[in-house]
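Take a look at the structure set out below.
Only heavy atoms go into these numbers, but all of them, side chains included; no hydrogens, no water, no symmetry mates. Indexing begins at 1, ligand by ligand and atom by atom, following the structure's order.
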Amino acid sequence: MDSIIVTGGTPLSGDIPIAGAKNACLALMPATLLSEEPLTLTNAPRLSDIATMSALLRSLGSEVSLLAGGKVIAMSSHQLTSTRADYEIVRKMRASNLVLGPLLAREHQATVSLPGGCAIGARPMDIHVSALEAMGAEIELKDGYLHAVARGGLKGARFAMKFPSVGATENALMAATLARGTTVMSNVAREPEIVDLAKCLRAMGARIEGEGTDTITIEGVDRLHGATHEVVADRIELGTYMLAPVIAGGEVECLGGRLDLVEAFAEKLHDAGVEIEQTNRGVKVRRANGRVHAVDVATAPYPGFPTDLQAQMMAMLCTAEGTSHLEETIFENRFMHAPELTRMGAKIEVHGGTASVTGVERLKGAPVMATDLRASVSLILAGLAAEGETRVNRVYHLDRGYEELEAKLGGAGAKIERIRD
Ligand code: EPZ
């Protein structure tokens, strides 16, 4: 398994391009199942998760071609040959469960493996199931698979989600586009990836209102047509690279980044003493002078502070002046990076869902272990500030969500290299 070595202490300078959003693309790709006509995505990120979703869609009978070096995904689901998402694919990537809604809407049946838990939490699918059952589906869990049927097709319904789940909102939104009648779903997720999905579905002929608010209304139609859609910029990749010059020193411009998608995060950086500017090319970030200040953070559904930037924020707070408190409210086990940062000399105490981080003058390089996607990049960021070398093992986690990370950070002056095992 590959590892990455980072030698710390070099201030950064230059541009870092921001790719299309992984979490938008993983919801947009299953939308191909809703139409017999081609769906093309541009500005797609080149990631192993996209390859996994492509394999899943092909296993259902879709044609999927990655063009322009993977930046363009051309899909067509003229004829589906299966409505089963197999455990072997779903266990690799839980976002595979986003085929459930579209398959049910189009084929009136679907068999989707339950993903099971992951490093950051149990992650059940009960909210997905309740939403689809409200639209008339009958869903049974058997042998680790959800077996779903919609006799006579899905029907419009009015329901509220018990928690604004991103995945459940995406599944229900796609399903409702072909349901008979109108669906009004409330307490839904408001993430920019949901807004991007609704924009794409509307380009395919869907009738949707309210995306980005906590209530979405969908008037079902008989069929959807083809479309071409540009994937929204990745706000989590942006946030990650905005932290790089804060941790290592220097100044970086994140090309194509949109500050309006990371307001809650940017506010905390501002409170910590970081200079941020939206330019016509992207987002420019630099650490003003000396050490940043400690800040308290609590993760929350959008537009709150994103849980997918919590680990990276912790890496920054490890060298801040003072003690910060980080509360993780979305996932029950998302502090796996804390003991690894402690190996680098950080002062972190975790009590349940809260971590208190007392900043130190300087971290020290050490061999550390990646446990999940965002935890692994927080270790890379910490390595940029550490004395000596940090070796991050199991970086396959990184490749799932960060396109060409070494080239992007190396291009801004970081001393970083991948060791292929
Ligand atoms: C999406 O996951 C993202 N993944 C996650 O990003 C992100 O952390 C998460 O949203 C929250 O923002 C993708 O978009 C592919 P949820 P998702 O359903 O849809 C509980 C990354 O690093 N829940 O909003 O799975 C669940 O257990 C990844 O890129 C239920 O209880 O998140 C969790 O505690 C990691 N029942 C909370 O809700 C359900 O049926 C939020 O989950 C569904 C969810």
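Taking the six-membered ring for Trp and thresholds of 30 and 60 degrees, Tyr145 and His147 have ring planes inclined between 30 and 60 degrees apart.
Of all the listed residues (Ile330, Thr329, Ile127, Asp49), Ile330 holds the heavy atom that lies closest to atom 33 (C) of ligand 1. For atom 43 (C) of ligand 1, the nearest non-hydrogen atom from the set Pro124, Pro164, Ala168 comes from Pro124. Remark: among candidates Asn23, Asp308, Asp234, the nearest residue to atom 4 (N) of ligand 1 is Asn23, based on non-hydrogen atoms. Of the candidates Met53, Met161, Arg374, Arg374 brings a heavy atom nearest to atom 29 (O) of ligand 1.
Within the 4.0 Å heavy-atom cutoff, Glu193 does not count among the residues contacting ligand 1.
If you check which protein heavy atom lies closest to atom 18 (O) of ligand 1, you get Ser165 OG, 2.7 Å. In this structure, the protein non-hydrogen atom closest to atom 35 (C) of ligand 1 is Arg334 NH2, 3.6 Å. In terms of protein heavy atoms, atom 11 (C) of ligand 1 is closest to Thr307 CG2, 3.9 Å. Here the protein heavy atom with the shortest distance to atom 25 (O) of ligand 1 is Arg123 NH2, 2.9 Å.
The residue Glu170 has no part lying near ligand 1, judged by heavy-atom distances below 4.0 Å. Contacts of Tyr302 with ligand 1, taken as heavy-atom pairs under 4.0 Å, are absent altogether.
Of the protein's heavy atoms, none falls inside 4.0 Å of atom 20 (C) of ligand 1.
Side-chain N or O atoms of Thr32 include none that pairs as donor or acceptor with a backbone N or O of Met29 at under 3.5 Å.
Side-chain contact between Leu255 and Glu253: present, with at least one pair of heavy atoms (C-beta onward) separated by less than 4.5 Å. Counting heavy atoms from C-beta outward, Ile419 and Arg391 have side chains that approach closer than 4.5 Å.
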